[in-house]
Student: 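Just dropping this structure here.
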Amino acid sequence: MQGVIQLLPDDLASQVAAGEVVERPANVVKELVENSIDAGATSIEVSIQQGGLRLIRVQDNGCGMNSLDAEACLQRHATSKLKSSADLETILTMGFRGEAIPSIASISQFRLVTKTSSEIEATEVSVQGGAAPQIKSTSSANGTSIEVKELFYNIPARRKFLKSERTEAAHIEHQLRVHALAQPQIRWIFRKDQKLVFDIPASSDIRARLASIHGKEVAENVVSIEEYKLLDYEVHGYMASLDHVRKSRKHQYFFINGRPVEDSALSRGVRDLFLEK
């Protein structure tokens, strides 16, 4: 006798998980650049075509992976960032679920090239829509490059929910700009349809980073918030002077441990405080 409840095949399970991890191309970019940040990259270059649907490429000069790790990262729930449940209390990385890479690979034509400084050859892993990975040795600089082509090509229903190429590209650019604000020590390069959109140099000066993203006038008219400490928590940041307050909350940015977060309560609280002034 056979029951009606069955385990999902691995490829289908990954596609289902992809629906939770990847709603649009910007989610792919977010997951991949956060992996680059965790890999210790000091330079991250992102290239897209057709709003990220035809191509997303993320290249970094981080620590890279050896051949064993390059293959393992395609397995669901595989991660180097979490060893036990106790580690959940001290998470300092950008992510740890181990869902992103296999999920992305299940709904795209996926190619990973990676190399550590201790290896002579790089490893290339290719996956077509969640099929078995094809692995071979290749040549490459240290670091990791991931190409995601034809996103959602095997889930056409998902494509129908996407906006125009211009809108999807704007969401990607927003993700890169907020991560660039959060990680000023990294050089960020963004190319759209083979045209350079920005090349923001690494900087230890947050005002210089603000100037690169929002212009010199904004950078010169922000006020530093005195660092506030309570128990194990520290809060610091910058606010625009009252003469440069905007009605919209569009340019409010919040970061926790270097991770961009969007929270309506925080955003509304800051806005209300300015209105009271």
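What you see is a predicted model; the values in this text were computed from it and never measured.
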Student: In the structure I gave you, are the side-chain heavy atoms of P260 and Y253 within less than 4.5 Å of one another anywhere?
Tutor: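 No, their side chains stay 4.5 Å or more apart.
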Student: Between D69 and G64, is there a donor-acceptor pair closer than 3.5 Å when you use the side chain of the first and the backbone of the second?
Tutor: no
Student: Any heavy-atom pair between the side chains of T123 and N66 that's under 4.5 Å?
Tutor: no
Student: Closer than 3.5 angstrom, by distance alone: can the side chain of R158 be matched with the main-chain N or O of F152 as a donor-acceptor pair?
Tutor: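 Looks like no, no N/O pair under 3.5 Å.
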Student: Out of curiosity, E150 CD to Q128 CD, how far, rounded to the nearest 0.5 Å?
Tutor: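 One gets 10.0 Å once the value is rounded to the nearest 0.5 Å.
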Student: Got a second to check how far K115's NZ is from T144's OG1, nearest 0.5 Å?
Tutor: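 Between atom NZ of K115 and atom OG1 of T144 there are 11.0 Å.
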Student: Please report the C-alpha distance between L266 and Q252 in whole Å, then the side-chain angles of each, then the deciding distance to 0.1 Å, and finally whether the side chain to side chain contact (heavy atoms under 4.5 Å, CB included) criterion is met.
Tutor: CA-CA 10 Å; L266 281 174; Q252 290 184 355; over 6 Å; no
Student: Rounded to the nearest 0.5 Å, what's the gap from CZ on R159 to CG on N154? Could you check?
Tutor: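 Nearest 0.5 Å value for the CZ-CG distance: 9.5 Å.
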Student: Quick one: do I189 and V29 end up in the same hydrophobic cluster if we chain Ile, Leu, Val, Met, Phe, Trp and Tyr together by side-chain heavy atoms under 4.5 Å apart?
Tutor: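 No; tracing contacts between hydrophobic side chains, which count when under 4.5 Å, never links both residues.
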Student: Take I48 and K192 through the test side chain to side chain contact (heavy atoms under 4.5 Å, CB included) and record every step on the way to the result.
Tutor: CA-CA 5 Å; I48 67 169; K192 180 174 66 175; 4.0 Å; yes
Student: If we ignore angles and hydrogens, is there a donor and acceptor under 3.5 Å between the side chains of Q183 and Q185?
Tutor: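 There is such a pair between these side chains.
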Student: Taking everything shown except E226 itself, do over 12 heavy atoms lie less than 6.0 Å from its CD?
Tutor: no
Student: Just verifying a value: how many Å separate R54 CZ and K149 NZ, rounded to the nearest 0.5 Å?
Tutor: 8.5 Å
Student: To the closest 0.5 Å, what do you measure between CD1 (I172) and NZ (K30)?
Tutor: 14.0 Å
Student: Is there a path of hydrophobic side-chain contacts, each under 4.5 Å between heavy atoms, that joins V22 and Y153?
Tutor: no
Student: Backbone N or O of V113 within a donor-acceptor pair of the E124 side chain at under 3.5 Å?
Tutor: no
Student: What I'd like to find out is whether the side chain of S43 reaches to under 4.5 Å of the side chain of E45, using heavy atoms alone.
Tutor: no
Student: Is there a side-chain contact between L74 and I101 (heavy atoms, below 4.5 Å)?
Tutor: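 A side-chain contact under 4.5 Å exists here.
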Student: Does the side chain of D199 reach to within under 4.5 Å of the side chain of R187, using non-hydrogen atoms?
Tutor: yes
Student: Mark yes or no for whether K216, through its side chain, and E220, through its backbone, hold a donor-acceptor pair below 3.5 Å.
Tutor: no
Student: When you measure from the side chain of D60 to the backbone of G143, do you find a donor-acceptor pair of N or O atoms at a distance under 3.5 Å?
Tutor: no
Student: Less than 4.5 Å apart, side chain to side chain, heavy atoms only: is that true for I37 and I44?
Tutor: yes
Student: Show the numbers, then the answer: is there a side chain to side chain contact (heavy atoms under 4.5 Å, CB included) between L32 and I104?
Tutor: CA-CA 10 Å; L32 296 184; I104 294 167; 4.2 Å; yes
Student: Any Lys/Arg nitrogen of E147 or R57 sitting under 4.0 Å from an Asp/Glu carboxylate oxygen of the other?
Tutor: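 Here E147 pairs with R57 in a salt bridge, since their nearest N and O are under 4.0 Å apart.
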Student: Atom OG in S47, atom CD1 in I56: separation rounded to 0.5 Å?
Tutor: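 It comes to 11.0 Å.
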Student: G52 and P25: which non-hydrogen atoms are nearest, and at how many Å?
Tutor: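 The answer is CA-CB, 4.1 Å.
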Student: Spell out, as yes or no, whether a donor-acceptor pair under 3.5 Å connects the side chain of R209 to the backbone of A180.
Tutor: yes
Student: Counting heavy atoms not belonging to L196, are there more than 12 under 6.0 Å from its CG?
Tutor: yes
Student: Using a strict threshold of under 4.0 Å (side-chain N to carboxylate O), is an ion pair present between K136 and E121?
Tutor: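 Judged by the 4.0 Å cut-off on N to carboxylate O distance, E121 and K136 do not form a salt bridge.
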Student: With a 6.0 Å cut-off (strictly less than), is the heavy-atom count around CD of Q194, excluding the residue itself, greater than 12?
Tutor: no
Student: Kindly determine whether V197 and E173 satisfy side chain to side chain contact (heavy atoms under 4.5 Å, CB included), including the steps that lead there.
Tutor: CA-CA 9 Å; V197 178; E173 184 171 346; 3.8 Å; yes
Student: Less than 4.5 Å apart, any side-chain heavy atom of F190 and any of R177?
Tutor: no
Student: Do F254 and M239 sit in one hydrophobic cluster, given that two such residues count as connected whenever their side-chain heavy atoms are within less than 4.5 Å of each other, even indirectly?
Tutor: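 Yes, it is one cluster - the side chains of F254 and M239 are joined through contacts under 4.5 Å.
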Student: When clusters are formed by joining ILVMFWY residues with side-chain heavy atoms under 4.5 Å apart, either directly or through shared neighbours, do L112 and L55 land in the same one?
Tutor: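 No, it is not one cluster - the side chains of L112 and L55 are not joined through contacts under 4.5 Å.
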Student: Do I206 and F198 belong to the same hydrophobic cluster, where Ile, Leu, Val, Met, Phe, Trp and Tyr are linked whenever their side-chain heavy atoms lie under 4.5 Å apart, directly or via other members?
Tutor: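 Same cluster: I206 reaches F198 through Ile, Leu, Val, Met, Phe, Trp or Tyr contacts under 4.5 Å.
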Student: Measure the shortest side-chain to side-chain distance between H179 and E34 over non-hydrogen atoms and say whether it is less than 4.5 angstrom.
Tutor: yes
Student: Can you check whether N61's main-chain N or O pairs, donor with acceptor, with N142's side chain at less than 3.5 Å?
Tutor: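 Looks like no, no N/O pair under 3.5 Å.
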Student: Check each of R24, K163, Q50 against E168 using the side chain to side chain donor-acceptor pair (under 3.5 Å) test, and report the only one that passes.
Tutor: R24
